[in-house]
Every structure is written in C-alpha cells, then in structure tokens.
Amino acid sequence: MQLELMQLEKKYGEKQALKPLNFVFEEGIYGLLGANGAGKSTLMNLLTDNIRRTGGKILFNRQEILELGVKYRSEVGYMPQQQGIYDQFSGEAFLYYMAELKEIPRRKRKKVIPELLEVVNLTEHASKKIAGYSGGMKQRILLAQALLGNPSILILDEPTAGLDPKERIRLRNYIARLGKEKIVLIATHIVSDVESIADEILLMKQGTLIAH
C-alpha cells in the first residue's frame, strides 16, 4: 500500500501554504511535527480531499485520488482537532450517524460500534450526550468515528489533546498496533506522543518539509 505525493502544493492567493512536496507513505506511523503555520493542516486537508490543491498529484496505490473519488475517501479516516461535533447526540448516536454518512451496512454497524466504544473506553458513556463529555472524551469519540469502516489511511490531528496521562498511553499503544497494517499520520506538537511509536518523523516549517 502506498500514498504518494508528487510536487504537491497549495497557495491561498499569493501565500504559499505548502511548497512543492514529494513523499511516499507506506504502512506505518508517521509523526508530523511543526509550529502553527508550518503547513500541517493544509497537508492533512489535501490528503483528505477537503480542499483543492494548486498543483501536483496524490496517488493511492498509483491511482490519482481525484479519479478514485468516493472510493478513495472511503479508505480515509480523519480525526480533526476541532471538537465541533453534535453536542445533542449521544456518543453512540453520533457514531451511528457517521456510519450512515460513510454508508456502512446496518448489520455491520451493530457489531462494530460497540467494539469501537470499548476501544476508546466510552462504553459506559455511550448513551450520554456529547455536550456533557469532557474534552478528552470528545477526543476519544472523534477517534472512534475516524476508525469507522476500517480505513486504510488514518489522519489524526492532535489525537491525545486533553487526555490524562493514563488515557494518552492507552491510546498511543492502540495507535501503535494500527500502524502495522495502515498508513497512520499523526499531526502534533507534542514530541513525546510520537517519538515512541512513529516509524518516521516529518518536520515542517513555513510550508516546507525540512527534514524526515
């Protein structure tokens, strides 16, 4: 499995948010480090096909993702940093709603959603409204929705933000196991979150990949 970036770039008007970037991701865990404005969010939005690129290509198993369309997006699980989720939903209802959007068959939902709630340690809080969740609990329900559909590519934006040390270690260990069969990209500014589990670190600055 490969996700290849070829001269990928993004401009907002005159501002070059991402300078031409070449890189090949394979199964494993990649830590994406950089200060605010480094280009991390732009790169993630391009990989999830949420924004239009200025130039270059993104190939998934040698096929352009724009041509793959929905087929590619079904292979991607994205956990955003922003916790703008539906507060009036219960955790369980939110996952069922996201499963509907991802067109996961109903029979499969009934099996996989309880499993994911257990993975993120929210089984006891499944019926509670998200409005009453702590910041860390919201992070965990966002990770659970990213895992729906068993995607090949996981893009996680600050996945451990707001978690207590015990939950952070638990989640980190789980992500480490996922890296054996998926492409996992973790954007963070907390080096300790990725130094023990990442196969490779990508360091970005002002829209440029300066080291990896």
Side-chain angles (χ1 to χ4, degrees), residues 1-34 38-82 84-85 95-109 112 116 142-159 175 178-187 198-204 206-210 212:
M1 182 166 54
Q2 278 192 343
L3 184 65
E4 185 175 3
L5 317 182
M6 301 175 66
Q7 292 295 106
L8 182 65
E9 65 174 317
K10 176 64 180 176
K11 290 181 181 178
Y12 295 102
E14 294 297 312
K15 183 185 177 185
Q16 183 109 27
L18 187 70
K19 294 171 185 174
L21 173 61
N22 296 294
F23 198 81
V24 178
F25 297 98
E26 296 180 332
E27 287 97 330
I29 297 175
Y30 299 82
L32 183 61
L33 300 178
K40 302 192 305 294
S41 294
T42 298
L43 176 57
M44 287 187 292
N45 279 315
L46 289 168
L47 292 176
T48 53
D49 197 24
N50 281 332
I51 59 174
R52 189 174 295 178
R53 70 191 79 152
T54 303
K57 295 181 179 181
I58 303 174
L59 307 179
F60 180 55
N61 293 335
R62 298 184 180 179
Q63 287 186 275
E64 170 59 61
I65 69 166
L66 297 179
E67 295 172 8
L68 289 170
V70 173
K71 189 176 179 182
Y72 169 74
R73 288 192 290 276
S74 70
E75 295 286 348
V76 178
Y78 177 50
M79 176 187 174
Q81 183 180 1
Q82 295 83 7
I85 50 183
L95 292 183
Y96 272 99
Y97 174 69
M98 294 304 294
E100 177 77 25
L101 293 181
K102 293 185 179 187
E103 299 183 348
I104 296 169
R106 292 191 178 187
R107 186 180 296 177
K108 195 169 184 181
R109 294 177 214 172
V112 76
L116 286 176
L142 281 172
L143 175 62
Q145 67 79 28
L147 293 167
L148 280 167
N150 193 28
S152 302
I153 302 164
L154 266 180
I155 299 173
L156 311 176
D157 193 357
E158 302 284 356
I175 292 170
L178 292 174
K180 294 177 182 177
E181 56 187 29
K182 301 179 188 294
I183 294 171
V184 183
L185 183 60
I186 304 172
D199 299 293
E200 195 154 356
I201 299 289
L202 286 73
L203 187 60
M204 297 189 70
Q206 296 178 343
T208 302
L209 179 63
I210 60 172
H212 68 85

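Between M44 and L47 there is no side-chain heavy-atom pair separated by less than 4.5 Å. Within the 4.5 Å cutoff, the side chain of L185 has no heavy atoms near those of the L156 side chain. Side-chain contact between F23 and E200 is present, with at least one heavy-atom pair separated by less than 4.5 Å. Contact of the K10 side chain with the K19 side chain is not registered, since no non-hydrogen atoms from C-beta on lie closer than 4.5 Å. Residues L43 and M204 have side chains in contact (heavy-atom distance under 4.5 Å, counting atoms from C-beta outward). Looking at heavy atoms from C-beta onward, I51 lies in side-chain contact with Y12 at the 4.5 angstrom threshold. Proximity of L59 to Q2: side-chain heavy atoms (C-beta onward) are nowhere separated by under 4.5 Å. Between L178 and L147 there is a side-chain heavy-atom pair separated by less than 4.5 Å.
From L203, atom CG reaches atom CG of L32 across 9.0 Å, with rounding to the nearest 0.5 Å. The structure places CG of L46 at 10.5 Å from CD of E9, a figure rounded to the nearest 0.5 Å. Distance check, rounded to the nearest 0.5 Å: NZ of K40 to OG1 of T42 gives 10.0 Å. Distance OG1/T208 to CD/Q16: 8.0 Å, rounded to 0.5 Å. A distance of 6.5 Å separates CD1 of I153 from CE of M1, quoted to the nearest 0.5 Å. Of the inter-residue distances, the one linking L154 atom CG with I175 atom CD1 reads 8.0 Å to the nearest 0.5 angstrom.
Residue I183 comes nearest to E27 through the heavy atom pair CG1-N, 3.9 Å, listed as atom of the first residue, atom of the second, then distance. Closest non-hydrogen pair, P151 versus G77, comes out as CB-N, 3.5 Å. In plain terms, the two heavy atoms of T48 and N50 that are nearest each other are OG1-ND2, 2.9 Å. Scanning both residues, Y30 and V24, for their nearest heavy atoms gives OH-O, 4.3 Å. The two atoms that bring S41 and D157 nearest to each other are OG-OD2, 4.4 Å, heavy atoms only. The heavy-atom pair separating L18 from G39 by the smallest distance is CD1-O, 4.4 Å.
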Before you tell me yes or no, could you show the steps for L202 and F25 under side-chain contact (heavy atoms from CB on, under 4.5 Å), namely the whole-Å CA-CA distance, both residues' side-chain angles and the distance that decides it to 0.1 Å? CA-CA 11 Å; L202 286 73; F25 297 98; 4.1 Å; yes
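Counting only N and O atoms by type, the side chains of S152 and E75 include a donor and acceptor under 3.5 Å apart. Of the N and O atoms on the side chains of N150 and K182, at least one donor lies less than 3.5 Å from an acceptor on the other residue.
Panel note: side chain K11, backbone A17; no donor-acceptor pair is recorded below 3.5 Å. Using modelled atom types, no side-chain atom of R53 and backbone atom of L8 make a donor-acceptor pair closer than 3.5 Å. Listed for the D199 side chain is no donor-acceptor partner under 3.5 Å among the backbone atoms of G28. Looking only at distances, a side-chain donor or acceptor of Q145 sits under 3.5 Å from a matching main-chain atom of L142. N22 places a side-chain N or O within 3.5 Å of a backbone atom of Q7 that can act as its donor or acceptor partner.
For Q206, the CD atom sits in a loose shell: 12 or fewer heavy atoms of surrounding residues, nucleotides or ligands are nearer than 6.0 Å.
We find that E4 and K57 are not joined by a salt bridge, their nearest charged nitrogen and carboxylate oxygen being 4.0 Å or further apart.
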